[in-house]
Amino acid sequence: MTELERRYRWLLRAYPRAYRQYRADEMLETLLATADDPRRPSLREAASLVVGGLRARTGVDRLGSRSALGYSALRLSALSLLVYGLTQRAGGPLGVLVTMLSEGPYNPGAWWFIVIPALLTIALFAAAWGSYRLAFAAAILTVAAQHASANGWDLSAWFSSVYDLQDAMLPQFWPALLASLALLRLLRAPRTPVARPWAWPVLGALAVVALAPSPINGWLDAPLMSLCAFAALAVITAPVDARMPIVASVLLLAPALAQATYLLGSRQAGWPVDISITAILVLAAVMASTLAAGTIAGRRQARM
């Protein structure tokens with residue numbers, strides 16, 4: 001085996017094993033026949049092989065059209081929003097669990113703090129397994145439960161100017177609503193096989209433990225800071241998977257809407273405003289730039 005062949009085989013490890021079993025020999029023969037340098041691959045060629053391998057691992061190379069890419073990004077957005085919603089709502093159950101373990105039985109009075117995370121969990125599992133009707137129903141019930149927990153069962157308060165915005169001011173309100181809109185669109189999507197459905201519930205559990213404000217961690221800004229970090233990473237990795245910047249922009253929409261609603265509601269009610277419009281504009285600019293990166297990368301990948 002020559003040094004050039006050895007280097008090419010090492011680069012081809014970026015592709016999944018099943019892909020290499022069928023295509024590696026053919027690709028290697030083509031690479032050796034067209035190589036410019038008999039000792040090592042060029043930097044551009046090496047980068048192309050690594051990016052191509054990572055695309056194959058993400059599955060984006062199997063999305064044969066722009067519409068298929070869009071539906072896949074929409075599904076990932078819905079799943080990510082449900083995971084984000086769980087991180088926002090898991091602090092209550094975790095806090096009660098720690099209290100019960102340390103102090104004994106505990107009567108919270110109202111059970112919305114358990115009902116809402118439970119509905120989000122049902123929606124997450126259903127969406128992960130491709131049961132979009134059940135996921136949509138659970139997401140809509142989550143939105144209704146959030147209204148009820150904030151405004152009670154007084155329906156007249158649901159549509160009043162101040163109370164109508166009261167729960168919408170919170171970041172916890174928006175993930176379920178945005179996820180329900182994404183799931184509504186997915187109801188008309190062509191049915192496709194779901195790969196590794198167990199991964200999203202596992203990811204949700206890990207995200208809840210790591211990011212949810214709770215007695216385990218009191219880092220209240222962790223979810224928003226994690227979203228900004230994910231957005232930066234998504235822009236960098238856009239050439240590999242165009243879906244990631246789209247998902248990041250949708251996730252950033254939740255805190256942006258919460259901050260905008262808080263600003264609007266505070267001004268309507270005459271409350272002191274603790275947030276400036278500059279912060280909202282900066283978050284909106286980050287969201288728009290992330291979405292633009294995903295859109296550009298998506299058009300390129302759809303042509304490949």
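Remember, it's a predicted structure, so these values are computed and weren't measured experimentally. Counting from 1, the numbers follow the sequence of the chain as shown.
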Can you give each donor-acceptor pair under 3.5 Å made by side-chain atoms of residues 170-185, sequence neighbours left out, with the distance rounded to 0.1 Å?
{"from": "W174", "atom 1": "NE1", "to": "A168", "atom 2": "O", "distance (Å)": "2.8"}
{"from": "S180", "atom 1": "OG", "to": "A176", "atom 2": "O", "distance (Å)": "3.4"}
{"from": "S180", "atom 1": "OG", "to": "L177", "atom 2": "O", "distance (Å)": "2.5"}
{"from": "R185", "atom 1": "NH1", "to": "Y71", "atom 2": "OH", "distance (Å)": "3.3"}
{"from": "R185", "atom 1": "NH2", "to": "Y71", "atom 2": "OH", "distance (Å)": "3.4"}

Interatomic distance, CG@L227 vs CG@L253, rounded to 0.5 Å, equals 11.0 Å
side-chain hydrogen bond (donor to acceptor under 3.5 Å, both in side chains) filter on Y8, not counting sequence neighbours, yields E45
Connected via hydrophobic side-chain network under 4.5 Å: V83 and L74 = no
So CG of L186 and CZ of R188: to nearest 0.5 Å the spacing works out to 12.0 Å
Cluster link L76 to V250, ILVMFWY, side chain under 4.5 Å:
yes
Under 3.5 Å, which donor-acceptor pairs do the side chains of residues 278-291 form with other protein atoms, sequence neighbours left out?
{"from": "S289", "atom 1": "OG", "to": "A285", "atom 2": "O", "distance (Å)": "3.1"}
{"from": "S289", "atom 1": "OG", "to": "V286", "atom 2": "O", "distance (Å)": "2.9"}
{"from": "T290", "atom 1": "OG1", "to": "V286", "atom 2": "O", "distance (Å)": "2.6"}

Original post:
Is the closest side-chain heavy-atom distance between P41 and L31 below 4.5 Å?
Top reply: no
Exercise for review: Check the hydrophobic clustering (I, L, V, M, F, W, Y; side-chain heavy atoms under 4.5 Å; chains of links allowed) and say if I296 and I236 are grouped together.
Suggested key: no
CZ of R7 to CG of L49, rounded to nearest 0.5 Å, is 13.5 Å
Tell me whether L86 is reachable from L251 by hopping between hydrophobic residues (I, L, V, M, F, W, Y) whose side-chain heavy atoms are closer than 4.5 Å.
yes
Can you give the donor-acceptor pairs under 3.5 Å from side chains of residues 113-130 to other protein atoms, not counting sequence neighbours?
{"from": "T121", "atom 1": "OG1", "to": "P117", "atom 2": "O", "distance (Å)": "2.8"}

For the hydrophobic clusters of this structure (ILVMFWY residues joined by side-chain heavy atoms under 4.5 Å, transitively), does one cluster hold both I140 and L82?
no
Tightest non-hydrogen contact, residues L12 and R20, listed as O-CD, 3.0 Å
Q) Under a 4.5 Å cut-off applied to non-hydrogen side-chain atoms, are R66 and R299 in contact? A) yes
Residues at least two apart in sequence or cross-chain that pass side-chain hydrogen bond (donor to acceptor under 3.5 Å, both in side chains) with R57, listed by chain then number, are none
Y15 and A56 have their tightest heavy-atom pair at CD2-CB, 4.0 Å
Which atom pairs, donor and acceptor, lie under 3.5 Å between side-chain atoms of residues 237-246 and protein residues at least two apart or in another chain?
{"from": "T237", "atom 1": "OG1", "to": "L233", "atom 2": "O", "distance (Å)": "3.0"}
{"from": "T237", "atom 1": "OG1", "to": "A234", "atom 2": "O", "distance (Å)": "3.3"}
{"from": "D241", "atom 1": "OD1", "to": "R243", "atom 2": "N", "distance (Å)": "3.0"}
{"from": "D241", "atom 1": "OD1", "to": "R243", "atom 2": "NE", "distance (Å)": "2.9"}
{"from": "D241", "atom 1": "OD2", "to": "R243", "atom 2": "NE", "distance (Å)": "3.3"}
{"from": "D241", "atom 1": "OD2", "to": "R243", "atom 2": "NH2", "distance (Å)": "2.8"}
{"from": "R243", "atom 1": "NH1", "to": "S72", "atom 2": "OG", "distance (Å)": "2.6"}
{"from": "R243", "atom 1": "NH2", "to": "T58", "atom 2": "O", "distance (Å)": "3.0"}

